[in-house]
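Worksheet: one structure, shown below.
Numbering starts at 1 and runs along the sequence shown. FYI, side chains are in, hydrogens and waters are out, and symmetry mates aren't considered; it's all heavy atoms of this structure.
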Amino acid sequence: MKRRIFKRLQGIIAIAILTLAMMGRPAIANAATPVNLIKNGSFELGSGAASADWTSQGEPSIGRYITNGANGAGYRPIFPTHDGIYTAVFNGGGTPARGVLSQSFSTVPGTRYDLIFYTLENGINRAARSKVRVVVSSPGDPNFLVDRLIESTTTTWQKSTFSFIAKDATTILAFGDGSSGNLSGTDIIVDDVSVIVSATQPASCPNAIGRTLLDFNAAGPLNAAPHPISKDGVTVSFKALTFIETESTLIGFVSGSKGEFEPNQVRPSDRANFNGRFLTTPNKPGVPLSLTYRRAIDFSRPVNKVCFFIADIDYGQRIKVNVLNAKGESFYSFAFPSSTSSDYALIPFDLSKLNGIKTIEIIGEDPIGIDNLSFVVPPKPPEPIRPKPDKCDPNKPIPGAFSSIRIGDLDGFGFGNGKGLTAASGNSVNTDGKGILSTGDFLPDFNGDGKFSSRGAGDPFDNRSDAEVAGTFLTGFGYEDMGSTGSDYTDLFLGRAFGKKGSSTFGRPFPDGDPKTLPNQPGFKFRFKVVKDKLPEGTPLFLNTMLGDYDVKPVRVILKKANGKMVTQEVKVSAKGKSDGQIQASFIRLKFEQVFVDGDTVGEPGYWVGSLDVDFDAPREPSASFDFSEIGTNKIPLQPCK
């Protein structure tokens, strides 16, 4: 029966709160003036089933105290009212326990308020248990600021006082009848309700605007390990901590033969920052823990500007606070000195200057209390804009990751889209007229002899920039260079005609010194490092190269791997057409360990250190060209991109 009544009461209170939340909000009261924010708190305005300024659900009523029944009809409680001549009556005439009275009032977010009211059981039916449930909440917030069930007595008016910190400009107070048993002839009455600004306000941390506050008053379970609390997009979890209530005789917060409170124990009167439930260590009263005992508060994602309050740090019981980042690294630590005594029972712990807090550890033997945890939730970083896949360049930059280290650049051998240039076939060098020169396109036949070769005047070209000529020009993304070379072998004609008198390239610097001496093959040397977070260990890698008029089959490369070993491997190449000067794409698969060593072992902690030498094995190739060579995480396509 008790459970059914309580469940039904929850639903009625929820309806009352929703009704008030939809009403217009009154003007904000002056929080500095200690006036009663509750209108008609003594129920003097109104009678019967209605009371001015209060919203009624179920069957509460307003009753008048009468000293002599002969004076007329009215309500005759055993004791006079606490204030005035009217009270709020529940169960009048033995009605079921389902009445709710509620009222909304103006509050200032972050301000502490005191709720004070008086209750009395009116009647002599010993089978009844007269109880009133009081709930304080913010509109639309399922986490109540106060949620208590008060059992009244028949001997005198019982005063109840609860404090809460407002979260909204409007707060809702609701009284519900939680009585049980045989209610015939027994009523519960409420009188003299007030909400005032508390004389003791919570200590505030700097930059408190936008803070998320956890006061634990509605959290659970009680006297057990707390469930994680999710709020404002952050879930807060707890380890080796327990919820108890102020003035509880449980878990280390009493001492003396009679279990009395000492001056430094947690009580509502000690400090406004401890009221209702708070966190402490599951421990027997008066029994110290080990010096290495670890309690922890963990945030599901890093937060900023944390503040919380610690209670009951005793002399000689050492407590250390560690603050960890998302990597589990401690970036702030504070040990309370042994001189910290019971005189400093409630201490605000201000971490408002720190950002990126993931975990707070409290280590030590003292079973302390923790309450009013606040923090600032930083906005989530925007999702990185991932470039659309590019069939022609699969290793375009990816924010926050290693995509490739490219010796040279993808620019169509320096010809761009090849507009106006003719291939050896007599057609345009750009076979589909789209994009820059790449797989399936052709290098230009400058002398118009229907061939692309090094014979006679040949078809030499040099489209290198000064940076490319220097040999150190790199593109790509997500790496740090450590001396890579080879860009002087890109965007030029590698053949004897390059140095022939009368050619457009005569006198230009040639990477092998004398273009008339074979082989004129590139030597690409990759020397770089990558932050480990940007490249997971074991990621497949590819050596991609764009080459032109490469006639030697099969295409082979000689590799000098990161461990110094030499190996010759065959390269996969796109199909070669019948006409001279065709551009081909090629790739070879690389194992992660062929390229990288762990930087932690070679003086570069936190990095993968990459090294690879690439020499094309074609000593008799009379002429060839290279647009770029790269180590990337995706292989180059062997089909012309569309």
Side-chain angles (χ1 to χ4, degrees), residues 9 13-14 16-17 20-21 25-26 28-44 51 53-55 60 81-84 87-88 90 99-120 131-139 141 143-152 157-178 188-202 213 215-219 245-247 267-278 371-372:
L9 178 61
I13 290 179
I17 290 173
L20 287 172
R25 295 180 176 180
I28 297 177
N30 183 358
T33 304
V35 297
N36 188 3
L37 302 180
I38 298 299
K39 297 179 180 179
N40 193 21
S42 292
F43 308 100
E44 300 303 301
S51 177
D53 303 305
W54 293 87
T55 298
T81 61
H82 192 271
D83 183 64
T87 63
F90 297 89
V100 175
L101 280 173
S102 55
Q103 182 178 146
S104 64
F105 54 97
S106 297
T107 48
V108 177
T111 301
R112 182 176 292 278
Y113 295 88
D114 294 330
L115 165 64
I116 305 167
F117 61 94
Y118 295 82
T119 57
L120 181 71
K131 300 177 183 179
V132 63
R133 183 184 179 193
V134 57
V135 171
V136 179
S137 65
S138 298
D141 190 344
N143 298 313
F144 295 156
L145 304 176
V146 175
D147 185 4
R148 296 298 181 88
L149 194 64
I150 308 300
E151 184 169 358
S152 298
W157 282 97
Q158 177 176 320
K159 180 181 179 181
S160 295
T161 302
F162 299 105
S163 296
F164 61 90
I165 297 176
K167 299 180 181 179
D168 201 277
T170 296
T171 300
I172 301 169
L173 168 64
F175 289 103
D177 190 352
I188 186 169
I189 54 180
V190 178
D191 200 11
D192 201 1
V193 181
S194 63
V195 172
I196 61 173
V197 175
S198 178
T200 307
Q201 289 300 311
L213 173 66
D215 59 13
F216 308 124
N217 284 338
E245 293 185 292
T246 54
E247 298 188 280
R267 297 175 296 177
S269 59
D270 282 331
R271 182 76 64 89
N273 286 293
F274 272 79
N275 180 266
R277 297 181 182 182
F278 65 96
D371 201 3
N372 278 8

State, with a plain yes or no, whether a side-chain heavy atom of Ile150 is found less than 4.5 Å away from one of Phe117. yes
Classify the side-chain pair Ser42/Asp83 by whether it contains a donor and acceptor separated by less than 3.5 Å. yes
Donor-acceptor pair, side chain of Gln103 and main chain of Lys39, under 3.5 angstrom: yes
Quick check against the 3.5 Å criterion: does Asp114 have a side-chain atom that pairs as donor or acceptor with the backbone of Ser163? no
Heavy atoms of Ser104 and Thr170 approach each other most closely as CB-CG2, 3.9 Å
For Asp168 versus Thr171, what's the shortest heavy-atom pair and its separation? O-OG1, 4.2 Å
Considering all heavy atoms of both residues, which atom of Asn36 and which atom of Val195 are nearest to each other, and what is their separation? OD1-N, 2.9 Å
Any side-chain heavy-atom pair from Val134 and Ser160 closer than 4.5 angstrom? no
Apply side chain to side chain contact (heavy atoms under 4.5 Å, CB included) to residues Phe43 and Ile189 and explain how you reach the verdict. CA-CA 11 Å; Phe43 308 100; Ile189 54 180; over 6 Å; no
Give the C-alpha distance, both sets of side-chain angles, the deciding distance and a yes or no for side chain to side chain contact (heavy atoms under 4.5 Å, CB included) between Asn217 and Phe164. CA-CA 9 Å; Asn217 284 338; Phe164 61 90; 5.7 Å; no
Side chains of Pro139 and Ile172: closer than 4.5 Å at any heavy-atom pair? yes
Are any of the side-chain heavy atoms of Phe175 and Trp54 separated by less than 4.5 Å? yes
Find out whether Arg133 and Asp147 are in side-chain contact, i.e. whether some heavy atom of one side chain is under 4.5 Å from a heavy atom of the other. yes
Decide yes or no for Val193 and Leu115: does some side-chain heavy atom of the first lie under 4.5 Å from some side-chain heavy atom of the second? yes
Taking atom types as modelled, is there a side-chain donor on His82 or Asp191 under 3.5 Å from an acceptor on the other? no
Would you compute the distance between atom CD1 of Ile196 and atom CD1 of Ile116 and round it to the nearest 0.5 angstrom? 4.5 Å
Check this for me: does any side-chain nitrogen of one of Arg277 and Asp371 sit under 4.0 Å from a carboxylate oxygen of the other? no
How far does CG of Leu173 sit from OG of Ser102, to the nearest 0.5 angstrom? 8.0 Å
How long is the span from the CD1 atom in Ile165 to the CG atom in Asn372, to the nearest 0.5 Å? 4.5 Å
Got a donor-acceptor contact below 3.5 angstrom from the Ser138 side chain to the Ala166 backbone? no
What's the verdict on side chain to side chain contact (heavy atoms under 4.5 Å, CB included) for Val136 and Phe162, showing C-alpha distance, side-chain angles and the deciding distance? CA-CA 10 Å; Val136 179; Phe162 299 105; over 6 Å; no
Looking at CD1 of Ile38 and OH of Tyr113, how far apart are the two atoms once the value is rounded to the nearest 0.5 Å? 11.0 Å
